[in-house]
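Please read the structure below before turning to the comments.
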2 protein chains.
Amino acid sequence: MERRLNLEDVGRRAGVSRSTVSRVVNGGHVSSETKRRVEAVIAETGYRPHAAARSLASNSTGVIGLVIPSAAGTLFDDPYFGRLILGISSATNEVDMTLALFLFGDGPDERSIISRVVTPGLVDGVIVTATTRGDPLIDHMQGTNMPFVVVGRPDNAGSTFCVDVDNRAGARTAALHLAGLGCRRPALIAAPSNTTAGVDRRSGFLEGLAEAGLSVEDRIVEGDWSQESGRRAMDRLLAERPDAVFVASDRMAVGALRAIREAGLNCPGDISVVSFDGIVPPDLTAPQLTSVVQPVTEVGERAVRLLTTVIAGASTPEHVVFPTELAVRESCGATPTAEPEA
Amino acid sequence: MERRLNLEDVGRRAGVSRSTVSRVVNGGHVSSETKRRVEAVIAETGYRPHAAARSLASNSTGVIGLVIPSAAGTLFDDPYFGRLILGISSATNEVDMTLALFLFGDGPDERSIISRVVTPGLVDGVIVTATTRGDPLIDHMQGTNMPFVVVGRPDNAGSTFCVDVDNRAGARTAALHLAGLGCRRPALIAAPSNTTAGVDRRSGFLEGLAEAGLSVEDRIVEGDWSQESGRRAMDRLLAERPDAVFVASDRMAVGALRAIREAGLNCPGDISVVSFDGIVPPDLTAPQLTSVVQPVTEVGERAVRLLTTVIAGASTPEHVVFPTELAVRESCGATPTAEPEA
DNA sequence: CTCCTTTTTGGGAGCGCTCCCAACCATATG
DNA sequence: CATATGGTTGGGAGCGCTCCCAAAAAGGAG
């Protein structure tokens, strides 16, 4: 097995210098005749530039990292992260970069992996997501000079680049929609309050309710994003006889729907449900979920684009906020249900 | 902002040479006194070695790639890939390496990303998931000298390292179980026949059936892994009045269960269901699915370990096959259902 | 035909590390 | 006291590329 060849070798075969070959590869100025000859040699030999050498010399790796702390075994049970990764991956491909994935749990190993993320010469920048409120990871990142953008809204957003969806406005819309439908005893299945998405959706919903002169009183239970937690939360809530529930995630809403059905009640007949995410396929539930749709894939793509500007040197923090959109389907009762099932 | 410091700088501050610092960092032989001094300087300055420089000099990057071809927008709808990634990521962390993720669709862009995967100096090796039969990607990889292992069973497995689960045996077990329960009219909701997992599960099931003197006759419909396809397949199958169905994936089984319920029939009362994967949480469905459990996470972890041996120079192809295990729950009817719901 | 501009090309320097060999030092041995 | 032994240490060479400057070639204008 012969040695991999390098720029010099290719140049020798084409009768030009290292530099000229480099120019051909990277699109510099080369006479068309020379270019033709060099390209022929490259095609013939299958030459490919060495990524590490390039990174070292140019001080840029062409790799971006995606960091997801507290990635438990259940990470992908919620379609959210898969969708986000898909968006990030596709945008990464588009800008001709490579994606590195850093998942870590809450163990003590976490620290060492964090430090791997900021290893010089490994990635050009990172996207950080799934952080909890006051997550030390954000502070840690700020202490380095590694370019990074946050997906979500960190507490101290002021000084960081971030892209998020308008959780608060979306939840408010849900409240207004439910109020408009005439509910009297609204309830809330909230997302964990140690996440900004959780608090934003909660406060947005309460705010919308207040505008309509309504209140959840004590009809509020906090879930943990899981379907099972949504089911249990709804079970608990049923004792309070709510006539409308806003569930802070689709996945929890699927569980809530099941609890309603198993209690012998009907959605939307007895209880209207509106959820947040718009991520589970409508057909998957009966009735179809009315949901506040957040553009997850776009968020991922935008995060990559934003990161490239940070890598390129942008320094004044930019906050991108995507609007959400209410998709009215069956579970809220605004539309006649196709086939109300027992 | 001052320049990042390098080995030489650290050495100067500690009064030793570049080489000595390198030895301290990499665990070579250094006197304890010197070591202490150097480590102090490293801690104080926060020095971290430059990954690209290291890769270039040592000809090893510490990065492994995960390649998932034909990754459509629905990739993560099935928990399988998420789970696989989790296993791979955790094993990658354990061996102190970094994971690069290459997802690509079936577009013409695919080609260029494949070539990025084999860029020298980018990754030390890759794990390729074999989805479709006769995937040209496998052949392409064989043409390079990039170490790789396949997750799944490629057609031409002979010459590649791969790790897979025993789909055939697992499906056979399902058939035997159903037969043992006394079914007379078994049916099959198969996985796509352009995947080896699909054909293995199909043939294993038919084989088991044959052993028990049974046959699906024409009670066989092929799904596309999606929940919706499982539902449609079952709908179609109902006309044939099957009394037992083996569904080639949990996700399709969830759809099948719904079709049964919506047709006013009862599972397991009217129809027994056994699925493959064991990946959806039992509580998620009613009745709980009896399923052939495949150890997805372990497969991922094993793939990483195997890849490290290939990178280290292993050259005689190794095929690791994990056994599956039948988890008997409610949907097959072997156990009294907790609460048979309409 | 000379001088100046523009395009094209070559090669030195250097990125930060590892690898390896030679030099060094101390201690143990004949 | 010379010599072997083994643990430490320093520094040259080189990984394959980019960056940059200067040399060479090719035109254009006077």
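Keep in mind that the numbers below use all heavy atoms, side chains included, and drop hydrogens, waters and symmetry copies. Computed from a prediction, not measured in an experiment: that's the story for all the values here.
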Across the strands shown, which category fits [X] at heavy-atom distances under 4.0 angstrom: base, sugar-phosphate, nothing?
X: A:Ser31; result: sugar-phosphate
X: A:Ser19; result: base
X: B:Thr34; result: sugar-phosphate
X: A:Asn26; result: sugar-phosphate
X: B:Pro120; result: nothing

Which is the 5'-most and which the 3'-most nucleotide of DNA chain D that has an atom under 4.0 Å from a heavy atom of chain B?
-> D:dT8 to D:dG16

Pick the nucleotide of DNA chain D nearest each of A:Asn6 and B:Arg18; which residue has the one closer to the 5' end?
->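 This one resolves to B:Arg18.
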
Closest-nucleotide 5' rank along DNA chain D - winner of B:His29 and B:Ser58 =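 On the 5' side of the pair lies B:His29.
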
About how many Å separate CZ of A:Phe76 and CD1 of A:Ile85, when rounded to the nearest 0.5 Å?
-> 4.0 Å

Just how far is it from atom CG of B:Leu5 to atom NE2 of B:His50, taken to the nearest 0.5 Å?
->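 Result: 12.5 Å between the selected atoms.
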
In this structure, are over 12 heavy atoms from other groups packed under 6.0 Å from B:Arg13 atom CZ?
->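 No, not enclosed.
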
Does a donor on one side chain sit under 3.5 Å from an acceptor on the other, for B:Thr160 and B:Gln142?
->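 Short answer, no.
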
Give a yes or no on whether the backbone of A:Met97 and the side-chain of B:Arg116 come within a donor-acceptor separation of less than 3.5 Å.
->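 Yes.
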
Pair A:Glu318-A:Arg302, salt bridge (charged side-chain N to carboxylate O under 4.0 Å, His left out): steps then yes or no | CA-CA 12 Å; A:Glu318 190 175 337; A:Arg302 194 69 176 75; 3.7 Å; yes

